[in-house]
Colleague: 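This is the structure I have questions about; it appears just below.
Keep in mind that what you see is a predicted model, and the values were worked out from it rather than measured. Atoms considered below: every heavy atom in the structure, side chains included; atoms not considered: hydrogens, waters and symmetry mates. Residue numbering restarts at 1 for every chain, and letters A, B, ... go by the order of the sequence lines.
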Protein chains: 2
Amino acid sequence: MRLSHLHFRSMCAVPLPHQRHSCCSRVHTGAVEDYLQAVFALTTEHGAATTSSLAELLGVAPPSVSAMLNRLAVDDLIARPAAHRVELTDHGRRHAVAVVRRHRLVEEFLLRALDVPWEDVHAEADALEHAVSARLLERIDTFLGHPTRDPHGDPIPPRHGHHDEGRPPPLSRARPGAQVLVERVSDRDSTALRHLGELGIRPGVVLDVVEQAPFGGPLWVELEGRRIPLGLQLTDLVFGGTA
Amino acid sequence: MRLSHLHFRSMCAVPLPHQRHSCCSRVHTGAVEDYLQAVFALTTEHGAATTSSLAELLGVAPPSVSAMLNRLAVDDLIARPAAHRVELTDHGRRHAVAVVRRHRLVEEFLLRALDVPWEDVHAEADALEHAVSARLLERIDTFLGHPTRDPHGDPIPPRHGHHDEGRPPPLSRARPGAQVLVERVSDRDSTALRHLGELGIRPGVVLDVVEQAPFGGPLWVELEGRRIPLGLQLTDLVFGGTA
DNA sequence: GCATCGCGTTAGCCTTGTCTCATAGTGGCA
DNA sequence: TGCCACTATGAGACAAGGCTAACGCGATGC
């Protein structure tokens, strides 16, 4: 077989990321997508992202964030309306939401199709999300029946149109006597997630808040007859409204 | 929610490739895996790989290949037993076979789980294969029931133990009168693959070789009563033994 | 009013992986 | 024997994405 008979460009093991959008001159690498996702997460959670919070979230040094933010600003993906403040532009938000959609659909797919444990889907999706083509993503979406929530209860942005990331308050804000419908559980800490899963605390369950122990003590909740003490590190990861 | 409560290292969108093996000091990036896979393919197909054949196959310039081969040689992944000759060491072959296993399992998964068209699975798998963890790969393998062939008929290396890549001769070598059981179809050219798929020429079918037209003309084969002319660019991509 | 501390940035460097351009070896053929 | 074509590599550059060390600067405390 002569090699020259083949269309090598079409087969070569391409190191380039997928071309996602025609609107951007520069191709978005995995790192760029990670930064956009992180800015999106921090701005929706805290109203704003900062260099240091991005560095901590992404596990890189602050100067690396500075350098990347400069590049993202040149590409009109982020804006810096004030010192110590990073925001997505409309353009950047569109790209970030697309990455979030990919991440959450992949998470849901891993759980439903391959039975990957609840606490592991996030890490696997973090690696896979940059390698999933638009074509493949729509197959996944169709396979799953166009889900609206990922395994942690996070809303999956629609392919087109507005996405509302709105999140109910954390369980740590709940007062004794309240009934809380768990809507979302943060996927950031896999060991905490595993623990919550073992306790049965997942999106959709209803918790009775029984008692807040004083001096930073646990929040006691009741679930299916069991009384469970939850420390602040857990109640900060669970979000829900009154049932 | 205070960020410092979380285990950031466990959640950060890791740009590093998965740590595959403890045996290597250097982590294998996607590019390294692509080169190993390419050397494996060329050595099994032609007995040896060369700088230029690797460059053509991978779609990069020859000096890029030279540089990478030096690095691979330092890591004892390849050997250069003679000029114009690149071979995998035992160590390099183990790694290459692991990459091939990942690629082919992902291909089979995409076809079976998501119904990705035959001619597209290769390109999608090329992007995904570097992002699939060992843990996820074994889930995929289990889900598929430990398949031994990918959608193109290529053998899937076992997790442990010997892998034999042996390939039957191409259809271009077949003589009129022969009955050929199609075993494998090269996945390199997606348009040719699509065409072959539309003709019904897939692993498992039996072709009657009718006539070889002279002067580089087509090979006429018969499949399910249809007489089909196949040019050299197609008959070089189909492999099988006498039925 | 001044020292300090936290935050962000600049400066300078490294690795990976690519490129182009120029050079060197090597084998075939007139 | 000499030339040509092919193959491989060296040299140098660049972009991406990291790092550390050092500096500037604003808020805060004394």
Side-chain angles (χ1 to χ4, degrees), chain A residues 2-4 8-9 12-18 24-39 42 46 48-75 77-87 126 130, chain B residues 2-4 8-9 12-17 24-39 42 46 48-75 77-87 130:
Chain A
R2 283 279 306 291
L3 285 176
S4 52
F8 288 105
R9 272 290 167 191
C12 79
V14 194
L16 292 173
H18 284 107
C24 288
S25 56
R26 213 172 305 199
V27 171
H28 294 185
T29 62
V32 169
E33 294 187 342
D34 286 340
Y35 277 86
L36 290 175
Q37 210 175 359
V39 175
L42 290 174
H46 309 102
T50 63
T51 302
S52 49
S53 64
L54 284 166
E56 194 177 9
L57 185 59
L58 292 164
V60 300
S64 306
V65 177
S66 269
M68 180 62 93
L69 291 180
N70 285 336
R71 285 174 46 207
L72 297 180
V74 166
D75 289 355
L77 292 163
I78 60 160
R80 325 212 45 182
H84 298 225
R85 198 176 170 81
V86 179
E87 286 176 6
D126 257 349
H130 308 301
Chain B
R2 284 279 306 292
L3 285 177
S4 51
F8 288 105
R9 273 289 166 190
C12 80
V14 195
L16 292 171
C24 288
S25 56
R26 214 172 305 198
V27 170
H28 294 184
T29 62
V32 168
E33 294 188 342
D34 286 341
Y35 276 87
L36 289 176
Q37 209 175 0
V39 174
L42 289 175
H46 308 102
T50 62
T51 301
S52 48
S53 63
L54 284 165
E56 193 177 9
L57 185 58
L58 292 164
V60 299
S64 306
V65 177
S66 272
M68 179 63 93
L69 291 180
N70 285 335
R71 287 174 44 206
L72 297 180
V74 166
D75 289 356
L77 292 163
I78 60 159
R80 328 218 35 186
H84 299 225
R85 196 175 173 83
V86 179
E87 288 177 3
H130 307 301

Colleague: Are any of the side-chain heavy atoms of B/E87 and B/P81 separated by less than 4.5 Å?
Modeller: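 Yes. Closest side-chain heavy atoms under 4.5 Å.
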Colleague: For B/E33, check side chain to side chain donor-acceptor pair (under 3.5 Å) against everything at least two apart and list the hits.
Modeller: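 Counting only residues at least two positions away or on another chain, B/E33 forms a side chain to side chain donor-acceptor pair (under 3.5 Å) with B/R20, B/R102, B/H130.
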Colleague: May I ask you to evaluate whether A/Y35 reaches the phosphate of D/dG18, defined as a side-chain N or O under 4.0 Å from OP1 or OP2?
Modeller: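 True: A/Y35 side-chain N/O within range (under 4.0 Å) of D/dG18 OP1/OP2.
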Colleague: Under the side-chain contact (heavy atoms from CB on, under 4.5 Å) test, which residues partner A/A61, sequence neighbours left out?
Modeller: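 Testing A/A61 for side-chain contact (heavy atoms from CB on, under 4.5 Å), a comparison that skips the adjacent residues, returns A/P63, A/S64.
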Colleague: Mind checking side-chain contact (heavy atoms from CB on, under 4.5 Å) for A/R71 and listing every partner two or more places apart, or none if nothing turns up?
Modeller: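 By the side-chain contact (heavy atoms from CB on, under 4.5 Å) rule, A/R71 matches A/R26, A/V32, A/M68.
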Colleague: To the nearest Å, how far apart are B/L36 CG and C/dG17 P?
Modeller: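 Taking CG of B/L36 and P of C/dG17, I get 11 Å after rounding.
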Colleague: Minimum heavy-atom separation for B/I78 to B/A73, with atom names?
Modeller: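 That closest heavy-atom pairing would be CG1-N, 3.6 Å.
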Colleague: Got a sec, which residues hit side-chain contact (heavy atoms from CB on, under 4.5 Å) with A/T51, two or more places apart in sequence or on another chain?
Modeller: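 If we apply the side-chain contact (heavy atoms from CB on, under 4.5 Å) test to A/T51, skipping adjacent residues, the hits are A/P62, A/V65, A/S66, A/L69, A/R80.
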Colleague: Atom pairs under 3.5 Å, N or O on each side, protein against nucleotides 14-16 of chain C: can you list them with distances?
Modeller:
none

Colleague: At under 4.0 Å between heavy atoms, which parts of nucleotides 5-12 of chain D does protein reach? Answer with one letter per nucleotide, 5' to 3': B base, S sugar-phosphate only, - none.
Modeller: --SSBB--
Colleague: Just how far, in rounded Å, is P of D/dG18 from CG of A/D34?
Modeller: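 That distance rounds to 8 Å.
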Colleague: What's the CG-P distance between A/L54 and C/dC7, to the nearest Å?
Modeller: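 The answer, rounded to whole Å, is 13 Å.
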Colleague: Sort out for me which residue in B/L58, B/L77, B/V86, B/L57 forms a side chain to side chain contact (heavy atoms under 4.5 Å, CB included) with B/Y35.
Modeller: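 With B/Y35 as partner, B/L58, B/L77, B/V86, B/L57 yield a single side chain to side chain contact (heavy atoms under 4.5 Å, CB included), made by B/L58.
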Colleague: For A/A49 and A/L42, which heavy atoms make the closest approach, and how far apart are they?
Modeller: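 Minimum heavy-atom contact is CB-CB, 3.8 Å.
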Colleague: Can you tell me if B/S64 touches the phosphate of C/dG17, counting only side-chain N or O atoms and a distance under 4.0 Å to OP1 or OP2?
Modeller: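 Result: no.
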Colleague: Given atom CD of B/E33 and atom P of C/dG17, what is their separation to the nearest angstrom?
Modeller: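 Rounding to the nearest Å, CD of B/E33 and P of C/dG17 are 11 Å apart.
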